[in-house]
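All heavy atoms count here, side chains included; hydrogens, waters and symmetry mates do not.
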Amino acid sequence: MRDAGGFTRRSLLLGAAALTASACDSSRPHAGFLGAMERFNLRFQRALFDPARLAPELPAEAATPPGAFPQYYISSTIPVAPAGWALQVGGMVARPQVLTLEELRLMPRTEYRIRHHCVEGWSAVASWHGVAVRELARRVGADPRAGYVEFRSFDEGYWSSWDAPSALHPQTILAYGMNGEPLIPAHGAPLRLYSGVKLGYKMVKYLTAVNFLPEPSGGYWEDRGYEWFAGV
Ligand SMILES: Nc1nc2c(c(=O)[nH]1)N[C@H]1C(S)=C(S)[C@@H](COP(=O)(O)O)O[C@H]1N2
Ligand SMILES: [Mo]
């Protein structure tokens, strides 16, 4: 997509991000503020980033070579899932549930190969497979009035909250596999969020819980000044 100035929307975004954000592992002082401006901003972003738009699927040749896909976690060592790990699903839902990986694997499977965009400026390509968040929402009977979805993890409490249209986008999945293989710990095992509609830091790895909420609950980087919506 090109605007009148001839820049792609993505290069503008990544350029802006590069100016303001030095790295995912450095904190920035000014936090976002709530209120009228924030609501205006959300409306504006929803118009700019059509929540129904699909990220382009890429051919196998486009895949980043094995081992070259960067790996991020805020813990000092690779986070390891607690024994008896299961995903808690709650908040504004009719049927709160605790789901094992086996139960998630039995749900409808979504798989795609798309490009990952980190706010630091790098991008990489892999295929991901898992269950769509909207399948999960259906299973637990999420209240349609829940406008936000929060994702929490066992990586030092890393978390993010999303607008419901982006969370329920068909390409937003709870991924348990990458490049046709089970997800490895460095990339968020046993379960991570993946999506074609958000920047990397919104895609929480090492998931523990998914909560459907009436209000957004910030996020690890979002509370350190990174943009909350972070659409791609
Ligand atoms: N739990 C957790 N999730 C996380 C992060 C993290 O540090 N901890 N980093 C985020 C960032 S900044 C990016 S770019 C992606 C990177 O995913 P990858 O490590 O599989 O490349 O994970 C995101 N999810
Ligand atoms: Mo990132």
Side-chain angles (χ1 to χ4, degrees), residues 9 38-39 41-57 86-99 101 103-117 127-153 158-178 183 188 190-222 226-232:
R9 186 184 62 195
E38 198 66 359
R39 281 191 294 278
N41 199 27
L42 184 56
R43 272 207 310 280
F44 174 74
Q45 305 229 38
R46 276 189 181 147
L48 188 61
F49 302 99
D50 174 2
R53 190 177 60 93
L54 292 174
E57 296 205 31
L87 182 73
Q88 294 194 305
V89 189
M92 297 169 69
V93 302
R95 298 172 294 278
Q97 286 183 37
V98 179
L99 295 165
L101 207 51
E103 289 172 312
L104 292 162
R105 281 206 195 96
L106 288 172
M107 292 176 69
R109 171 172 160 145
T110 299
E111 180 157 17
Y112 50 66
R113 184 181 297 102
I114 58 175
R115 186 171 292 278
H116 181 111
H117 301 276
S127 71
W128 302 89
H129 59 271
V131 55
V133 174
R134 65 179 186 181
E135 291 292 341
L136 188 74
R138 199 170 295 156
R139 176 167 181 153
V140 299
D143 188 327
R145 289 168 299 182
Y148 300 89
V149 189
E150 168 191 82
F151 301 92
R152 296 206 162 259
S153 86
Y158 192 98
W159 88 103
S160 183
S161 56
W162 290 41
D163 56 296
S166 298
L168 302 176
H169 183 279
Q171 287 175 327
T172 298
I173 66 174
L174 304 178
Y176 45 75
M178 178 186 188
L183 197 58
L191 192 68
R192 73 168 299 167
L193 187 56
Y194 209 82
S195 180
V197 298
K198 296 290 190 193
L199 287 174
Y201 63 87
K202 300 293 288 185
M203 301 195 270
V204 178
K205 299 162 67 175
Y206 313 107
L207 288 170
T208 55
V210 176
N211 294 311
F212 292 82
L213 302 176
E215 299 289 340
S217 64
Y220 181 85
W221 287 117
E222 295 88 329
Y226 281 73
E227 210 205 345
W228 179 81
F229 192 84
V232 173

Taking all non-hydrogen atoms of both residues into account, name the closest pair between Arg192 and Met203 and its distance. NH2-O, 3.5 Å
Using side chain to side chain donor-acceptor pair (under 3.5 Å), reason through Thr110 and Gln171 one step at a time and then give a plain yes or no. CA-CA 8 Å; Thr110 299; Gln171 287 175 327; over 6 Å; no
What closest approach, in Å, do Pro170 and Arg134 show between heavy atoms, and which atom pair accounts for it? CB-NH2, 3.5 Å
With side-chain contact (heavy atoms from CB on, under 4.5 Å) as the test, would you mind laying out the steps for Met178 and Ser127 before giving the verdict? CA-CA 6 Å; Met178 178 186 188; Ser127 71; over 6 Å; no
Between CG of Leu104 and CD of Glu135, what distance do you get to the nearest 0.5 Å? 11.5 Å
Report yes if some heavy atom in the side chain of His129 is under 4.5 Å from a heavy atom in the side chain of Tyr176; otherwise report no. yes
Roughly how far apart are Ser153 OG and Leu193 CG, rounded to 0.5 Å? 11.0 Å
CH2 of Trp159 to CZ of Arg152, rounded to nearest 0.5 Å, is 6.0 Å
Report yes if some heavy atom in the side chain of Trp228 is under 4.5 Å from a heavy atom in the side chain of Ser161; otherwise report no. yes
Run the salt-bridge test on Glu103 and Arg105 with the 4.0 Å N-O cut-off and return the result as yes or no. no
Any heavy-atom pair between the side chains of Asn211 and Val149 that's under 4.5 Å? no
With Val197, the side-chain contact (heavy atoms from CB on, under 4.5 Å) member among Thr172, Ile114, Leu54, Val232: Thr172
When you check the side-chain N and O atoms of Glu222 and Ser160, is any donor under 3.5 Å from an acceptor? yes
Do Asp163 and Lys202 meet the salt-bridge criterion of a basic N to acidic O distance under 4.0 Å? no
What pair of heavy atoms forms the shortest contact from Ala146 to Ala164, and how long is it? O-CB, 3.6 Å
Any non-hydrogen side-chain atom of Arg145 less than 4.5 Å from a side-chain atom of Pro214? no
Just do the side-chain contact (heavy atoms from CB on, under 4.5 Å) check on Leu87 and Val210 with the steps written out, would you? CA-CA 8 Å; Leu87 182 73; Val210 176; 4.1 Å; yes
Flag the pair Asn41 / Phe229 as yes when at least one side-chain heavy-atom distance between them is below 4.5 Å, and no otherwise. no
Do Leu174 and Val133 come close enough that some side-chain heavy atom pair is under 4.5 Å? yes
Test ring pair (Phe, Tyr, Trp, His ring centres under 6.0 Å) on His116 and Tyr194; report intermediate values, then the result. CA-CA 9 Å; His116 181 111; Tyr194 209 82; 5.7 Å; yes
Considering residues at least two apart in sequence or located in another chain, which fulfil the side-chain contact (heavy atoms from CB on, under 4.5 Å) criterion with Gln97? Arg95, Leu99, Arg139, Val140
Heavy-atom pair with the smallest gap, counting every atom of Ser217 and Glu150: OG-OE2, 2.7 Å
Are the side chains of Leu136 and Val89 in touch, meaning some heavy atoms are under 4.5 Å apart? yes
Only residue of Tyr158, Tyr226, Trp162 satisfying ring pair (Phe, Tyr, Trp, His ring centres under 6.0 Å) with Tyr201 is Tyr226
Stepwise side-chain contact (heavy atoms from CB on, under 4.5 Å) check, Trp128 with Leu183: CA-CA 9 Å; Trp128 302 89; Leu183 197 58; 3.8 Å; yes
Decide yes or no on side-chain contact (heavy atoms from CB on, under 4.5 Å) for Arg113 and Glu57, but give the supporting numbers first. CA-CA 5 Å; Arg113 184 181 297 102; Glu57 296 205 31; 5.7 Å; no
